[in-house]
A.B. asks: 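What follows is a single structure, and I will ask about it in a moment.
Chain A is the first sequence line, chain B the second, and so forth, proteins listed ahead of strands; every chain is numbered from 1.
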There are 2 protein chains.
Amino acid sequence: MGVTTKPKQTPTDKREIYYRDRVRQQGQRYPQFHWPSVQVLLNLAYTYNVTAAHLARALGKHGLSPSSFNLLMILSRNGGEGCPLYEIGELLLVSRANVTGLVDSLERKGLVERVTDKRDRRVRVARITKAGETLLESLLPEHYLDLRKICSRLNTAEKASLGDLLTKLRNSVQFSPDNKGPGKKP
Amino acid sequence: MGVTTKPKQTPTDKREIYYRDRVRQQGQRYPQFHWPSVQVLLNLAYTYNVTAAHLARALGKHGLSPSSFNLLMILSRNGGEGCPLYEIGELLLVSRANVTGLVDSLERKGLVERVTDKRDRRVRVARITKAGETLLESLLPEHYLDLRKICSRLNTAEKASLGDLLTKLRNSVQFSPDNKGPGKKP
DNA sequence: AAAATATAGTTAGGAACTTAATTATTTACC
DNA sequence: GGTAAATAATTAAGTTCCTAACTATATTTT
């Protein structure tokens with residue numbers, strides 16, 4: 001190729017242009033449009049996606065998805081007792097059907113095992129295996145270091161402030177007055 | 001059942017207990033464990049999930065997923081010109097294969113249409129239809145109001161501060177020195 | 001101009017999720 | 001004590017994402 005003056009823009013630039021235009025257009029058209037609100041929510045989504053993708057990539061090198069990892073962490077805490085599947089769902093905030101699938105895949109890899117509870121034969125208890133413990137022990141030092149590095153540009157006050165603001169935002173969603181709720185039917 | 005003193009705990013309490021225990025255990029076991037960092041990242045994930053689920057529920061009432069909605073918004077900005085599919089992928093930060101699927105589903109609903117670019121016959125351009133425009137116009141006022149309400153407990157300074165802290169965190173992930181990168185193979 | 005390379009889109013297969021329906025077991029009620 | 005209701009897990013079907021392989025078209029190289 002010859003010597004060109006092509007600017008070679010990154011995808012990020014396209015996104016910036018797109019959002020700048022959107023502000024102008026939508027702001028004029030819709031009186032409800034409030035750029036500072038839209039901006040902070042876009043920022044939240046973007047930041048979450050970037051960090052989640054980063055952590056997922058690191059865990060993926062050990063053959064674990066983020067959910068599988070979190071499930072293993074829960075079982076690791078409970079040790080030999082294990083944890084009923086329904087309780088795993090509550091801790092991970094996912095459906096019971098999804099827990100079934102996650103435990104299936106971890107069981108196939110030999111990282112957890114299922115046992116039936118003696119007292120209530122409806123419930124299955126998932127227990128981490130020795131292999132599961134070993135895997136966790138091998139990846140946790142790097143994982144925790146990673147988390148720490150991700151936050152290292154924020155000082156203590158900033159971390160606290162970010163936590164407070166996130167909590168405030170979350171509460172606003174969860175406990176807003178007009179929360180449509182589950183809309184239970186009669 | 002008789003009159004009991006059972007506290008009737010919500011799932012949230014289980015989560016709090018779980019995380020409190022985890023801090024103690026992991027903090028002792030792993031010197032790399034840094035609770036303030038772990039806490040702020042958990043908070044980020046939790047807050048994102050809550051807000052995303054809230055918005056997804058609202059858009060779902062109109063038959064749209066968040067991604068479908070964003071795709072429609074992109075096309076709405078471009079109007080009659082439409083947008084090449086590869087560019088949609090760059091704006092939405094998703095794979096081209098996923099764009100194909102999203103456009104498929106919106107095309108089935110009659111909200112967008114595909115046309116082949118005359119100049120480069122490799123590229124397909126997606127264009128929003130009249131029905132798509134109408135749908136957007138019907139839901140945007142409520143959507144923007146929703147975004148605004150979600151952020152209403154944060155004042156102007158807090159929104160700015162939250163935005164800055166999120167950006168700082170994101171930059172730390174994206175531009176950290178030891179970013180393993182795509183690891184291109186020779 | 002032909003061959004190699006790059007780009008746009010689709011297809012195929014798979015993982016992580018969802019809700020709704022089904023099965024097994026326990027608890028509550030009369 | 002037997003039936004009804006609740007609870008735990010699974011299955012089935014569908015959605016949203018992914019990567020890798022494939023097809024068609026354009027561009028570059030020689």
Side-chain angles (χ1 to χ4, degrees), chain A residues 1-2 4 6 8 11 45 48-49 52-53 55-57 59-61 63-71 82-109 112 114-126 182-183 185, chain B residues 1-2 4 6 11 45 48-49 52-53 55-57 59-60 63-71 82-109 112 114-126 182-183 185:
Chain A
M1 76 194 80
T4 73
K6 193 166 59 160
K8 182 65 175 84
Y48 168 78
N49 283 324
L55 295 175
R57 200 178 328 122
L59 291 171
K61 287 177 190 157
L64 291 178
S65 68
S67 288
S68 297
F69 168 73
N70 285 327
L71 174 33
C83 188
L85 298 203
Y86 73 91
E87 198 170 315
I88 294 173
E90 290 171 6
L91 290 171
L92 291 181
L93 298 175
V94 300
S95 67
R96 275 175 305 168
N98 192 15
V99 174
T100 295
L102 289 171
V103 172
D104 279 351
S105 93
L106 287 173
E107 201 174 25
R108 257 179 264 123
K109 291 177 191 158
V112 311
R114 269 188 179 87
V115 289
T116 302
D117 190 319
K118 279 155 195 157
R119 299 174 243 186
D120 186 340
R121 277 165 34 211
R122 289 172 302 182
V123 349
R124 301 291 127 79
V125 170
K185 295 152 194 163
Chain B
M1 78 190 81
T4 73
K6 191 164 64 161
Y48 168 77
N49 284 324
L55 295 174
R57 202 180 324 123
L59 291 171
L64 292 178
S65 68
S67 289
S68 298
F69 169 73
N70 286 326
L71 174 33
C83 188
L85 299 204
Y86 73 91
E87 198 170 317
I88 295 173
E90 289 172 5
L91 290 170
L92 291 181
L93 299 176
V94 299
S95 67
R96 279 174 306 166
N98 192 14
V99 174
T100 294
L102 289 170
V103 172
D104 280 349
S105 93
L106 287 172
E107 202 174 24
R108 257 180 263 122
K109 291 177 189 156
V112 312
R114 269 187 180 88
V115 289
T116 301
D117 190 318
K118 280 153 195 158
R119 298 174 247 187
D120 186 339
R121 277 163 39 212
R122 287 172 302 183
V123 350
R124 301 291 124 80
V125 171
K185 295 153 194 163

A.B. asks: Check the distance between C/dT10's C1' and B/Tyr86's OH and give it to me in whole angstrom.
C.D. replies: 17 Å
A.B. asks: Between C/dG9 atom P and B/Asp117 atom CG, what is the distance in whole Å?
C.D. replies: 9 Å
A.B. asks: I want to check something: taking the side chain as every heavy atom from C-beta on, are B/Val99 and B/Glu90 in contact at a cut-off of under 4.5 Å?
C.D. replies: no
A.B. asks: Can you tell me if the side-chain N/O atoms of A/Thr100 get under 4.0 Å from OP1 or OP2 in D/dT10?
C.D. replies: yes
A.B. asks: Roughly, in whole Å, what's the span from CZ in A/Arg119 to C1' in C/dA24?
C.D. replies: 20 Å
A.B. asks: Are side-chain heavy atoms of B/Asp104 and B/Arg114 found at a separation under 4.5 Å?
C.D. replies: yes
A.B. asks: Need one value for A/Ser95: base, sugar-phosphate or nothing, where a base atom within 4.0 Å counts as base even if backbone is also close, heavy atoms only.
C.D. replies: base
A.B. asks: Taking atom C1' of C/dT18 as reference, at what distance in whole Å does atom CG of A/Leu92 sit?
C.D. replies: 15 Å
A.B. asks: Below 4.5 Å, heavy atoms only, C-beta onward: do A/Thr100 and A/Arg124 meet side chain to side chain?
C.D. replies: no
A.B. asks: Think B/Asn98 has a side-chain N or O under 4.0 angstrom from the OP1 or OP2 of D/dT16?
C.D. replies: no
A.B. asks: Considering heavy-atom distances to DNA chain C, does A/Arg108 or A/Arg124 have its closest nucleotide positioned more toward the 5' end?
C.D. replies: A/Arg108
A.B. asks: For B/Asp104 and C/dT10, what is the distance between atoms CG and P respectively, to the nearest whole Å?
C.D. replies: 7 Å
A.B. asks: Is any N or O donor-acceptor pair between the side chain of A/Arg122 and the base of D/dT7 shorter than 3.5 Å?
C.D. replies: yes
A.B. asks: Could you tell me how far apart A/Glu107 (CD) and D/dT10 (P) are, to the nearest whole angstrom?
C.D. replies: 9 Å
A.B. asks: Rounding to a whole Å, what distance do you find between A/Lys61:NZ and D/dT19:P?
C.D. replies: 15 Å
A.B. asks: Among D/dA8, C/dA20, C/dG9, which is the nearest nucleotide to the side chain of A/Ala97?
C.D. replies: C/dA20
A.B. asks: With side chain to side chain contact (heavy atoms under 4.5 Å, CB included) as the criterion, how do A/Val103 and A/Leu106 come out once you've worked through the C-alpha distance, each side chain's angles and the decisive distance to 0.1 Å?
C.D. replies: CA-CA 5 Å; A/Val103 172; A/Leu106 287 173; 5.7 Å; no
A.B. asks: Rounded to whole angstroms, how far apart are CZ on A/Arg57 and P on D/dT19?
C.D. replies: 11 Å
A.B. asks: From the options C/dT10, D/dA12, D/dC18, select the nucleotide whose nearest atom is closest to the side chain of B/Val94.
C.D. replies: D/dC18
A.B. asks: Does any N or O donor sit under 3.5 Å from an N or O acceptor when you compare the side chain of A/Arg96 with the base of D/dA8?
C.D. replies: yes
A.B. asks: Tell me, do B/Leu71 and B/Val112 make a side-chain contact under 4.5 Å, heavy atoms counted?
C.D. replies: no
A.B. asks: OP1 or OP2 of C/dA16 sitting under 4.0 Å from any side-chain N/O of A/Ser67?
C.D. replies: no
A.B. asks: Need to verify one output field. Residue with the more 5' nearest nucleotide on DNA chain C, A/Leu64 or A/Arg121?
C.D. replies: A/Leu64
